[in-house]
Structures are given as structure tokens and as C-alpha cells.
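Treat the numbers as computed from the prediction; the structure is a model and nothing was measured.
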Amino acid sequence: MNLTIGTQDKIEFKVKQSDLASNLNISEYDGFPDVFATARMVALMECSAAKILIPLLKEGELSVGVSVNITHLAPTLEGDTAISTATFEGMEGKLFKFSIEVVDSGGKVGIGTHTRAIVSNERLMSGALKRRA
């Protein structure tokens, strides 16, 4: 299957308490707000791009994020729905390039670009285990 430039897919995600930046406190000096965490927004963006690649995956393959360049434009409250729409922009070698936009009930909250690669799960995990040894 070939992927056509301009192919889009989206994910609608209801923001839960566990998705708020206030849950990211790692040290006693952190004090993050009760709004959708940037890290969770990035995860949502990645998932919307990964969804586009699912039909291209062969048995034992998955897609992995390679780079992310985003801007978090506005806060989203718990209970609101964030909708991430990914658009396939083309290939860069073996990398799949996407533009991504996230909106909530108030409008645009995030924009960015993202690249993904299709890899063998076995090879990925083997490489990870070698790094730990």
C-alpha cells in the first residue's frame, strides 16, 4: 500500500485528571498547572500520526517516533476533548513526515511536525537490550 501525501487521520481524546501537567511533578520544586500537559499533547499527536501508518505495517513491525517539533499554544482543561489531526506530508528517506494540529472546544491548542519510522519490533527490542548490557 502506498501512502498519499495529504492523507489525514485524527484521534479525539477526553482530557482526564491524570493527563494534567500537575501530575508531572518530579521534584519538590515543581509546580505545574491543572491543564493538559504538553507531554500528553505530544503523545496524542504521535498517536494520530502512528494511526495513519497502521495499514503499512507488516507482521512484527511497528512505527516509532523519531522527532517532534511542536508549539503548545493554549491550555486545555480537564474534561474537554482534544482532537489531534495528523497529515502525511511526504517521505524523507525512510522517514514518514507529518504536520499535526490539536484543537479543543476553544480552538487551536497545538501545532507541529513529527517524523516516524517503521521498524521491526524484534530488532528494536534487541537494540534496547544491548544498550542496557
Side-chain angles (χ1 to χ4, degrees):
M1 175 183 179
N2 288 329
L3 192 55
T4 305
I5 292 174
T7 298
Q8 291 187 326
D9 211 332
K10 66 181 177 178
I11 296 178
E12 295 188 21
F13 182 78
K14 186 169 183 174
V15 177
K16 302 179 293 295
Q17 200 278 332
S18 59
D19 301 307
L20 303 182
S22 54
N23 291 308
L24 299 178
N25 294 332
I26 293 174
S27 76
E28 62 185 278
Y29 308 105
D30 296 329
F32 299 119
D34 288 327
V35 296
F36 194 33
T38 302
R40 294 295 288 159
M41 185 182 76
V42 169
L44 177 60
M45 292 170 128
E46 282 201 65
C47 289
S48 64
K51 187 176 176 188
I52 292 173
L53 297 179
I54 290 171
L56 302 179
L57 301 177
K58 297 175 185 148
E59 177 131 5
E61 290 183 333
L62 48 81
S63 72
V64 295
V66 175
S67 71
V68 178
N69 182 6
I70 66 104
T71 302
H72 199 161
L73 300 167
T76 302
L77 294 172
E78 177 182 356
D80 204 347
T81 298
I83 303 168
S84 178
T85 303
T87 304
F88 176 63
E89 299 291 345
M91 300 295 296
E92 187 174 291
K94 293 184 176 184
L95 300 178
F96 297 82
K97 297 170 47 176
F98 299 90
S99 61
I100 306 176
E101 178 179 275
V102 178
V103 298
D104 66 11
S105 63
K108 194 181 304 186
V109 297
I111 56 171
T113 59
H114 176 46
T115 56
R116 298 190 71 75
I118 293 178
V119 300
S120 156
N121 186 48
E122 183 178 320
R123 185 171 176 208
L124 177 75
M125 295 311 295
S126 173
L129 290 170
K130 285 179 187 173
R131 291 181 49 76
R132 187 170 68 179

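- By the 4.5 Å heavy-atom criterion applied to side chains, I70 and M41 are counted as neighbours.
- Note on I83 and V35: separate hydrophobic clusters, where clusters join Ile, Leu, Val, Met, Phe, Trp and Tyr whose side-chain heavy atoms are under 4.5 Å apart, directly or indirectly.
- With rounding to the nearest 0.5 Å, the separation of CZ in R116 from CZ in F96 is 10.5 Å.
- Placement of V66 and V119 in two distinct hydrophobic clusters is found when ILVMFWY residues are connected by side-chain heavy-atom separations under 4.5 Å, directly or transitively.
- Using cut-offs of 30° and 60° for the angle between ring planes, the F36 and H72 rings count as perpendicular.
- Put simply, the side chain of T115 gets close to the backbone of S67: a donor and an acceptor are under 3.5 Å apart.
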Exercise answer: donor-acceptor pairs, residues 49-62 side-chain atoms, under 3.5 Å, sequence neighbours excluded:
residue : atom : partner : partner atom : Å
K51     : NZ   : D9      : OD1          : 3.3
K51     : NZ   : K10     : O            : 2.9
E61     : OE1  : K58     : N            : 2.8

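- Between the CD1 atom in I5 and the CE atom in M91 there is a gap of 10.0 Å [rounded to 0.5 Å].
- You'll find the side chain of I111 stays beyond 4.5 Å of the side chain of I100, heavy atoms only.
- When the shell of 6.0 Å around CD of E122 is examined, it contains 12 or fewer heavy atoms from other residues, nucleotides or ligands.
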key: Stepwise side-chain contact (heavy atoms from CB on, under 4.5 Å) test for I11 and L44   = CA-CA 8 Å; I11 296 178; L44 177 60; 3.7 Å; yes
request  = Could you walk me through whether L20 and V15 pass the side-chain contact (heavy atoms from CB on, under 4.5 Å) test, one step at a time?
outcome  = CA-CA 8 Å; L20 303 182; V15 177; 4.0 Å; yes
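- Inter-residue side-chain proximity for E78 and D34 is flagged as unmet; no heavy-atom pair is nearer than 4.5 Å.
- For residues 91-105, the side-chain hydrogen bond (donor to acceptor under 3.5 Å, both in side chains) pairs, not counting sequence neighbours, are T76-D104, D80-S105, E89-S99, E101-K108.
- In terms of hydrophobic clustering, with Ile, Leu, Val, Met, Phe, Trp and Tyr side chains grouped at heavy-atom distances under 4.5 Å, F88 and M45 are assigned to a common cluster.
- No donor-acceptor distance shorter than 3.5 angstrom exists from the side chain of R40 to the backbone of D19, with no hydrogens or angles considered.
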